[in-house]
Amino acid sequence: MKNFSKITLSVLLVASATLTSCNNDDDNTPVEKPTIYARLGGTTMVSDPDNSGQMIEKGRLSFRKVVNSAIGLIVADIQSNASGNLQAHFAPLLAETGNTQSTSIARLSDNLTDFFSFNTGGTNAVNTYSGLNMVAAHDPAKNPRMGTKSSNADYTKFEGYVGAAANANGVASNTELYTDIVVVLESLRTPIVQK
């Protein structure tokens, strides 16, 4: 009986060491980082502050707030004739008058919200982007609503507006989320910058 107990004990120790070893391997499995969309609130439904009685995904609402703030900053700089403003890019859009202008700006906001929501993890149908690709969207020859082609300096200025808008909507500059948003923006530089 003593030999059986020693053999059993040995088998249990080896099995225990093997299982512990396997468990340690599982602990080293990298954890997948949530998408930007998820970190901005994801698919959690909340009241839409712009549409009474309607609900909106929190991630989409977060993007819409940043997009609208960025558009507001761009328009304010254009209206005040601030140095380095992006007036030349937005001239066709801003030249539209009356109700058309507000509708056009709303459409721009919707398109940008769709684009960023879709490309950062928004998987529900509401986040489908069906606009022009980035090259065509930023080429005045293919998109009459674009006033001129962008330079690197123009794009850097645009990134600054988005960064300020993100800050104003609760995304601090010194966070991983902010850095990840900048990575997405930088991934768009090559197709957007065309001069």
Side-chain angles (χ1 to χ4, degrees), residues 32-51 54-75 86 89-94 96 100-150 152 154-171 176-195:
E32 190 173 317
K33 183 167 52 172
T35 65
I36 292 172
Y37 192 80
R39 288 181 280 160
L40 287 172
T43 58
T44 301
M45 297 302 286
V46 296
S47 272
D48 186 342
D50 296 339
N51 297 295
Q54 293 185 22
M55 303 294 283
I56 187 171
E57 290 183 357
K58 192 172 181 182
R60 183 174 180 79
L61 176 60
S62 296
F63 268 119
R64 189 177 73 197
K65 286 179 177 180
V66 171
V67 165
N68 286 343
S69 293
I71 291 170
L73 293 169
I74 291 167
V75 170
L86 300 179
H89 301 278
F90 290 89
L93 179 70
L94 296 175
E96 297 170 356
T100 307
Q101 184 180 26
S102 62
T103 302
S104 296
I105 290 173
R107 192 168 76 214
L108 173 65
S109 172
D110 286 344
N111 283 341
L112 288 171
T113 300
D114 289 345
F115 180 83
F116 286 113
S117 295
F118 176 77
N119 286 292
T120 61
T123 57
N124 289 333
V126 69
N127 298 314
T128 303
Y129 176 72
S130 58
L132 297 171
N133 67 51
M134 290 300 99
V135 173
H138 294 88
D139 181 350
K142 295 177 183 160
N143 180 7
R145 300 183 82 229
M146 178 59 61
T148 187
K149 291 183 177 183
S150 295
N152 271 311
D154 297 330
Y155 192 72
T156 298
K157 180 77 171 182
F158 173 76
E159 281 185 335
Y161 288 121
V162 174
N167 291 162
N169 286 282
V171 180
E176 182 179 31
L177 177 56
Y178 184 92
T179 301
D180 289 347
I181 291 169
V182 171
V183 167
V184 170
L185 291 171
E186 275 301 311
S187 74
L188 300 171
R189 183 179 288 271
T190 298
I192 291 174
V193 171
Q194 299 179 23
K195 72 174 179 180

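Numbers here are sequence positions counted from 1.
- Note that CZ of Arg145 and OG of Ser104 are 4.5 Å apart. Values are rounded to the nearest 0.5 Å.
- Within the 3.5 Å criterion, the main-chain N or O of Ala136 finds a donor-acceptor partner in the side chain of Asn133.
- The heavy-atom pair separating Phe63 from Thr120 by the smallest distance is CE1-OG1, 3.1 Å.
- Leu185 is listed as a side-chain neighbour of Phe116, based on a closest heavy-atom distance under 4.5 Å.
- Looking at His89, its side chain never comes within 3.5 Å of a backbone N or O of Gly147 through a donor-acceptor pair.
- Note: Ser117 OG to Asp110 CG = 10.5 Å, rounded to the nearest 0.5 Å.
- Residues Lys149 and Asp139 have side chains in contact (heavy-atom distance under 4.5 Å, counting atoms from C-beta outward).
- The two residues Leu177 and Arg39 make their nearest non-hydrogen contact at CA-NH1, 3.8 Å.
- Contact record, Gly42 with Glu57: O-CB, 3.6 Å, taken as the closest heavy-atom pair.
- Contact annotation: the side chain of Gln194 never approaches that of Ser150 to less than 4.5 Å [non-hydrogen atoms, C-beta and beyond].
- A salt bridge between Asp114 and Arg60 is present, with a side-chain N of the basic residue lying under 4.0 Å from a carboxylate O of the acidic one.
- Side-chain atoms of Ile105 and Leu94, non-hydrogen and from C-beta on, do get closer than 4.5 Å to each other.
- For the pair Asp180 and Val184, the minimum side-chain heavy-atom distance is 4.5 Å or more.
- Taking all atoms of both residues into account, the shortest heavy-atom contact from Arg64 to Ile56 is NH1-CD1, 3.5 Å.
- For Lys157, the NZ atom is densely surrounded, since the number of other residues' heavy atoms within 6.0 Å is greater than 12.
- For the pair Asn169/Ser69, a side-chain contact is recorded, criterion being any heavy-atom separation below 4.5 Å from C-beta on.
- Of the inter-residue distances, the one linking Asp50 atom CG with Leu61 atom CG reads 7.5 Å to the nearest 0.5 angstrom.
- To the nearest 0.5 Å, the span separating CD1 on Ile181 from CD on Glu186 amounts to 13.5 Å.
- By the side chain to side chain contact (heavy atoms under 4.5 Å, CB included) test, Asn167 pairs with Ser173, Tyr178, sequence neighbours left out.
- Here Ser109 contributes atom OG and Asn68 contributes atom CG; the two are 3.5 Å apart, rounded to the nearest 0.5 Å.
- At a cut-off of 3.5 Å, with distance as the only test, no side-chain donor of His138 or Asn143 sits close to an acceptor on the other residue.
- Between Leu86 and Tyr161 there is a side-chain heavy-atom pair separated by less than 4.5 Å.
- Side-chain atoms of Tyr155 and Leu188, non-hydrogen and from C-beta on, do get closer than 4.5 Å to each other.
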Check against side-chain contact (heavy atoms from CB on, under 4.5 Å), Phe118 and Thr123: CA-CA 6 Å; Phe118 176 77; Thr123 57; over 6 Å; no
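- Taking each heavy atom of Met146 and Pro140 in turn, the nearest pair found is O-CB, 3.3 Å.
- Taking each heavy atom of Gly59 and Tyr37 in turn, the nearest pair found is C-CE1, 3.5 Å.
- In the model, Asn124 has no side-chain atom that pairs as donor or acceptor with a side-chain atom of Thr43 under 3.5 Å.
- A search for salt bridge (Lys or Arg N to Asp or Glu O under 4.0 Å) contacts involving Glu176 returns Lys33, not counting sequence neighbours.
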